[in-house]
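Working notes, beginning with the structure itself.
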Amino acid sequence: MFRSSIRRGPDGTVRLDLAEEERGLLRQVAEELRELLREEPEDPSLRRLFPTAHDDPSRERDYRELTRDQLVTGREKSFDLLAETAGHDLLTSDEADAWLRAVNDARLVLGTRLDISEDFDWDGFDETTQRAPELALYAYLSWLQEQLVEAL
């Protein structure tokens with residue numbers, strides 16, 4: 001029987017059974033995304049992290065001016081916590097929730113870069129294509145997100 005790599009304990013903590021390579025990958029993803037938010041805030045791959053709230057351009061500009069910094073700060077905190085706790089075997093419920101937010105944001109950015117939609121043909125996935133490493137990372141993050149949701 002399949003055993004989950006992420007499980008909720010009876011005390012509410014979340015237990016992680018991840019290989020060191022996975023932990024290193026999560027640190028790297030968190031650091032790269034935090035850097036992208038800080039250094040390239042207009043990068044098109046970030047658009048799904050900051051969806052349009054208003055059709056009216058003036059109202060949208062006002063909304064962005066009011067909320068963008070707060071949204072970026074929240075995302076940076078989640079990425080920081082993911083990087084800082086990637087080596088832990090136990091997470092608090094709040095830490096696991098931050099992991100879930102960070103992993104979801106990573107999937108959104110990567111999915112946007114790869115132009116992945118709901119109708120993406122995973123069965124026809126060619127492991128020899130140039131995009132294979134990024135697609136594999138996207139699939140891993142999707143699996144990790146599912147594990148976190150089940151644990152929480």
Side-chain angles (χ1 to χ4, degrees), residues 4-8 14-57 59-88 91-127 129-152:
S4 177
S5 294
I6 302 174
R7 297 177 312 286
R8 184 175 204 103
V14 175
R15 175 133 187 97
L16 304 172
D17 292 323
L18 301 174
E20 189 53 42
E21 294 82 12
E22 292 173 273
R23 294 170 189 271
L25 179 63
L26 292 171
R27 281 185 205 97
Q28 180 182 350
V29 166
E31 291 166 7
E32 287 177 6
L33 288 173
R34 184 179 50 227
E35 189 174 310
L36 182 64
L37 279 172
R38 287 180 184 158
E39 296 180 13
E40 298 181 49
E42 300 305 318
D43 186 298
S45 64
L46 296 174
R47 76 175 188 270
R48 290 185 66 197
L49 296 185
F50 306 101
T52 303
H54 299 283
D55 291 333
D56 178 271
R59 290 183 73 196
E60 178 63 21
R61 186 177 48 255
D62 292 344
Y63 170 77
R64 294 233 182 252
E65 287 175 6
L66 289 172
T67 62
R68 176 100 180 176
D69 288 345
Q70 183 179 6
L71 293 172
V72 168
T73 299
R75 288 191 162 89
E76 286 177 340
K77 285 181 181 179
S78 291
F79 293 138
D80 288 345
L81 190 126
L82 175 60
E84 291 167 10
T85 59
H88 294 187
L91 300 176
T92 66
S93 202
D94 289 342
E95 290 169 337
D97 187 56
W99 270 52
L100 184 57
R101 288 191 309 275
V103 168
N104 184 61
D105 287 349
R107 285 184 65 252
L108 288 172
V109 170
L110 191 54
T112 300
R113 281 185 182 167
L114 296 169
D115 197 29
I116 293 180
S117 63
E118 289 182 21
D119 61 345
F120 183 80
D121 181 17
W122 285 101
D123 293 331
F125 170 60
D126 180 1
E127 295 177 12
T129 67
Q130 189 173 5
R131 297 180 351 154
E134 290 86 4
L135 288 166
L137 176 58
Y138 181 86
Y140 171 74
L141 292 171
S142 298
W143 172 83
L144 188 66
Q145 180 182 37
E146 181 181 332
Q147 297 274 310
L148 286 163
V149 167
E150 288 178 13
L152 292 171

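By convention here, the first residue in the shown sequence is residue 1. Since this is a predicted model, take the numbers as computed values, not measurements.
- The pair R38-E76 meets the salt-bridge criterion, since a charged nitrogen lies less than 4.0 angstrom from a carboxylate oxygen.
- The two residues L16 and R23 make their nearest non-hydrogen contact at O-NH2, 3.4 Å.
- In summary, R101 and D97 engage in a salt bridge, as defined by a charged side-chain N under 4.0 Å from a carboxylate O.
- Salt-bridge check for R7 with D17: passed, with a basic side-chain N closer than 4.0 Å to an acidic carboxylate O.
- Donor-acceptor pairing under 3.5 Å is lacking for the side chains of R47 and T112.
- There is a side-chain donor-acceptor pair under 3.5 Å between D43 and S45.
- The side-chain heavy atoms of L137 and V29, taken from C-beta on, include a pair separated by under 4.5 Å.
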List, one per line, each side-chain donor-acceptor pair under 3.5 Å for residues 50-57, sequence neighbours excluded.
from	atom 1	to	atom 2	distance (Å)
D56	OD1	S58	N	3.0
D56	OD1	R59	N	2.8

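- A 6.0 Å sphere centred on CD of E65 holds more than 12 heavy atoms belonging to other residues, nucleotides or ligands.
- Across A96 and L148, no two heavy atoms sit closer than the pair O-CD2, 4.3 Å.
- The pair E60-R64 meets the salt-bridge criterion, since a charged nitrogen lies less than 4.0 angstrom from a carboxylate oxygen.
- One distance of note links CG of L49 with CZ of R68; it measures 8.5 Å at 0.5 Å rounding.
- With respect to R27 and E20, a salt bridge is recorded, a charged nitrogen being found less than 4.0 Å from a carboxylate O.
- Shown here for Y138 and L110, the closest heavy-atom pair between the two residues is N-CD2, 3.5 Å.
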